[in-house]
Trainee: 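Just dropping this structure here.
Counting starts at 1 for both ligands and their atoms, in listed order.
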Amino acid sequence: MQSSFYDISSSPHFSAIAILCAAICTFPAILKPSATHDPSIPTISHGTIPWVTRSVELMQDPRKFVLKYKNQFGTSFQLSTWGSKIAIVTEPGMLAALEHQCKDLNSSRARVDAFRALTGIHDCYRMTHLMGTKVMAVSTKMLSPSGIVKHGTMTSFDEMLTRSFDDLSTSLSKAPNGTTSLMLGEFVNFHLFQGSMNSLFGPTFPFECYPDYAILSSSLQIFFSPMANWPFVARSQKASRRRMVEALMRYLDDWWNSGRCGHIDGISPLVHQALVMFKEDNLTLEEAAGSLLISLWGALFNVAAMTYWLTAHMLQDQDLYQRLREEALSTTGYNNPLLESAMQEALRTGAVPPPTRTVACDSEISVDGKSYFFQKGATVISESSGYHFNPEVYLDPETFKADRFVDETAPKPKPWGEGYHFCRGMHLAKLQIKSYMTMVLRRFDLKVVGKQQFVLQRAGLIPDVLGSDTIRIEVSLRS
Ligand code: HEM
């Protein structure tokens with residue numbers, strides 16, 4: 001990605017700047033007296049600069065932050081930012097229990113923030129409501145294990161992935177030395193984008209918008225920041241985001257204007273039904289395209305991050321690479337025990353944007369007999385690394401052990417969220433990761449070029465595979 005003054009999202013100090021800006025924007029809030037409350041959630045001390053130091057520490061390395069304060073305070077703790085609190089819960093079940101007891105704990109603000117960040121469409125309450133209610137009900141059915149089989153979701157994913165790898169094979173066979181060199185994040189994202197978009201939208205999807213998707217997905221931190229709407233900030237990233245929305249509007253245009261009888265070639269029943277609902281609820285074409293962009297991102301972003309992480313680990317360990325390849329070559333499908341286990345280990349050690357909720361009014365809830373007070377306006381973040389790196393659950397948690405889950409009784413990782421908003425796409429995601437890995441293992445040789453840093457970076461709380469990738473690979477046809 002080109003770098004300029006405007007591309008400040010790539011600066012390591014961006015988190016600090018964003019938080020400072022948030023602080024300035026919310027300054028009046030700290031002048032109000034805060035409600036008196038039972039301080040049963042331990043609060044982390046301010047640090048050298050009140051309201052700033054700890055927020056920056058959290059954004060710089062969320063996993064390290066969570067593990068450090070979990071050791072000190074236990075499963076939940078909070079920090080003060082200007083005018084509000086961030087409560088962090090680290091154990092599976094806590095977020096679901098909170099949601100269950102507290103109707104005032106909701107995801108609306110997080111959804112609206114995500115919608116605005118990803119689409120640039122400011123007025124998005126109708127869309128977030130529709131997506132969170134009617135479309136979610138359809139997703140639950142269609143993305144279930146039986147729904148995936150019934151609607152051929154993996155078939156269309158596999159077909160397009162195969163075609164995308166066929167194109168790569170052809171270009172490799174014509175290349176003078178039979179290899180191509182590129183960044184691992186690019187390799188993973190590009191081909192998954194082809195498969196995933198085909199399975200959701202069909203072959204008329206504007207696949208040429210991939211470069212804009214790549215820029216958008218590595219610019220999220222800046223779009224989530226209070227500076228996002230400043231006119232001179234991230235102009236090139238905003239242009240990519242706009243082009244994505246426009247490409248989806250063109251994709252929809254004919255169908256949208258065709259009345260009820262139109263059909264989009266190869267579209268998944270899930271997206272088709274969502275479009276019918278968008279029309280029935282009188283969304284504009286732009287709002288419908290924005291909603292598709294959200295679905296597109298939700299379906300691809302985490303799958304690509306986890307696949308990247310798994311591939312990176314495989315390339316770092318030649319013995320594992322060899323064993324995965326032998327397994328892939330000796331079977332026909334992709335339900336292979338070592339691959340399954342290595343994928344679970346990637347899901348354990350990788351990172352996802354953590355589920356986030358807002359507390360609409362002062363609330364007291366109890367979890368496992370312990371009472372917790374949440375102040376109105378507080379943000380609740382559920383960070384699974386507290387569980388995934390707990391040595392009482394996973395022996396030697398910092399080490400990537402590909403065989404860890406060959407023993408099927410080992411407790412499975414939980415990167416899927418929980419409660420009302422748990423991941424509907426988890427079954428599909430696992431199949432896609434395994435399909436991608438199996439095809440790569442069967443068809444190509446990958447080699448890391450030079451010494452690279454194997455770290456799954458986050459930009460703030462969001463994994464940033466494309467923006468911070470340092471792993472260059474050489475790809476050739478399998479020898
Ligand atoms: C490795 C891949 C994936 C991971 C780690 C993952 C993780 C998550 C997490 C943590 C949530 C909870 C969000 C929250 O509570 O705010 C979630 C929700 C969801 N995910 Fe996934 N996801 C993945 C892949 C997918 C795929 C492939 C799809 C669909 C094709 C999908 C569809 C959904 C849906 C529909 C929701 C519910 C959103 C809501 O209710 O707001 N996910 N996912």
Trainee: Counting only heavy atoms, which portion of His427 has something under 4.0 Å from ligand 1: side chain, backbone, both, or neither?
Mentor: neither
Trainee: If you measure from each non-hydrogen atom of Arg424 to ligand 1, which part falls under 4.0 Å: side chain, backbone, both or neither?
Mentor: both
Trainee: Within the structure, does Thr356 bring an N/O atom to less than 3.5 angstrom of an N/O atom in ligand 1?
Mentor: no
Trainee: To which of Ala346, Pro463, Gly425 does the heavy atom nearest atom 28 (C) of ligand 1 belong?
Mentor: Gly425
Trainee: Check whether Phe389 forms a cation-pi arrangement with Arg348 (NZ or CZ under 6.0 Å from the six-membered ring centre, at most 45° off the ring normal).
Mentor: yes
Trainee: Between Leu428 and ligand 1, which residue portion shows a heavy-atom distance shorter than 4.0 Å: side chain, backbone, both, or neither?
Mentor: side chain
Trainee: In the protein, which heavy atom is nearest to atom 30 (C) of ligand 1, and how far is it?
Mentor: Ala299 CB, 3.6 Å
Trainee: Starting from atom 40 (O) of ligand 1, find the nearest protein heavy-atom neighbour and note its residue, name and distance.
Mentor: His421 ND1, 2.8 Å
Trainee: If the contact criterion is a heavy-atom separation under 4.0 Å, does Met426 count as touching ligand 1?
Mentor: no
Trainee: For ligand 1, which atoms have a heavy atom of Arg111 less than 4.0 angstrom away?
Mentor: 39 (C), 40 (O), 41 (O)
Trainee: List the atom of Leu95, the atom of Pro355, and the distance in Å for their closest heavy-atom pair.
Mentor: CD2-CB, 3.8 Å
Trainee: Could you identify the single nearest non-hydrogen protein atom to atom 10 (C) of ligand 1 and state the distance to 0.1 Å?
Mentor: Pro415 O, 3.3 Å
Trainee: Could you tell me whether some N/O pair between Gln432 and ligand 1 is separated by less than 3.5 angstrom?
Mentor: no
Trainee: Of all the non-hydrogen atoms in the protein, which one sits nearest to atom 24 (C) of ligand 1, and at what distance?
Mentor: Ala429 CB, 3.7 Å
Trainee: Distance from Arg242 atom CZ to Lys238 atom NZ, nearest 0.5 Å?
Mentor: 13.0 Å
Trainee: Please determine which of Arg109, Lys85, Gln78, Arg357 meets the side chain to side chain donor-acceptor pair (under 3.5 Å) test together with Thr379.
Mentor: Arg109
Trainee: Measuring from the heavy atoms of Ser107, does anything fall under 4.0 Å of ligand 1?
Mentor: no
Trainee: Give, for atom CG of Leu161 and atom OG of Ser196, the distance between the pair rounded to the nearest 0.5 Å.
Mentor: 10.0 Å
Trainee: Counting N and O atoms only, with roles assigned by atom type, does the side chain of Arg116 sit under 3.5 Å from a partner on the main chain of His122, one being a donor and the other an acceptor?
Mentor: yes
Trainee: List ligand 1 atoms under 4.0 Å from Leu143, heavy atoms only on the residue side.
Mentor: 29 (C)
Trainee: Do Phe190 and Tyr210 make the cut of ring centroids closer than 6.0 angstrom?
Mentor: yes
Trainee: Does the cation-pi check pass for Arg111 over Phe115, that is, NZ or CZ under 6.0 Å from the six-membered ring centre and within 45° of its axis?
Mentor: no
Trainee: Could you tell me whether the side chain of Ile88 reaches within less than 4.5 Å of the side chain of Tyr69, counting heavy atoms only?
Mentor: no
Trainee: Using a strict 4.0 Å cut-off to heavy atoms of Arg357, name the atoms of ligand 1 that fall inside it.
Mentor: 14 (C), 15 (O), 16 (O)
Trainee: Decide yes or no for Trp416 and Phe422: does some side-chain heavy atom of the first lie under 4.5 Å from some side-chain heavy atom of the second?
Mentor: no
Trainee: At less than 4.0 angstrom from any non-hydrogen atom of Met306, what atoms of ligand 1 do you find?
Mentor: 1 (C)
Trainee: Using a 4.0 Å heavy-atom cut-off, which part of Met136 comes near ligand 1: side chain, backbone, both, or neither?
Mentor: side chain
Trainee: Check Val352 against ligand 1 and report side chain, backbone, both or neither, counting heavy atoms closer than 4.0 Å.
Mentor: side chain
Trainee: At their closest point, which heavy atom of Phe207 faces which heavy atom of Phe193, and how far apart are they?
Mentor: O-CE2, 3.7 Å
Trainee: Answer yes or no: is there a donor N or O on one side and an acceptor on the other, between the side chain of Ser341 and the main chain of Pro337, under 3.5 Å?
Mentor: no
Trainee: So, the side chain of Arg126 versus the backbone of Asp281: is there a donor-acceptor pair under 3.5 Å, distance only?
Mentor: yes
Trainee: Are any non-hydrogen side-chain atoms of Leu67 and Glu398 less than 4.5 angstrom apart?
Mentor: yes
Trainee: Hey, does Gly298 sit under 4.0 Å from ligand 1 if you only count heavy atoms?
Mentor: yes
Trainee: May I ask you to identify the nearest protein heavy atom to atom 11 (C) of ligand 1, giving residue, atom name and distance to one decimal place in Å?
Mentor: Trp416 O, 3.6 Å
Trainee: If you take the centroid of each ring, where Trp contributes its six-membered ring, are Phe165 and His191 closer together than 6.0 Å?
Mentor: yes
Trainee: Give the residue, atom name and distance (to 0.1 Å) of the protein heavy atom nearest atom 6 (C) of ligand 1.
Mentor: Asn302 ND2, 3.4 Å
Trainee: Closest non-hydrogen protein atom to atom 21 (Fe) of ligand 1, residue and atom name please, with distance?
Mentor: Cys423 SG, 2.3 Å
Trainee: Is it the side chain, the backbone, both or neither of Glu418 that has a heavy atom closer than 4.0 Å to ligand 1?
Mentor: neither
Trainee: Can you tell me which portion of Phe422 lies within the under-4.0 Å heavy-atom range of ligand 1? Options are side chain, backbone, both, or neither.
Mentor: backbone
Trainee: Please work out whether any backbone atom (N, CA, C, O) or any side-chain heavy atom from C-beta onward of Leu95 is under 4.0 Å from ligand 1, and answer side chain, backbone, both or neither.
Mentor: neither
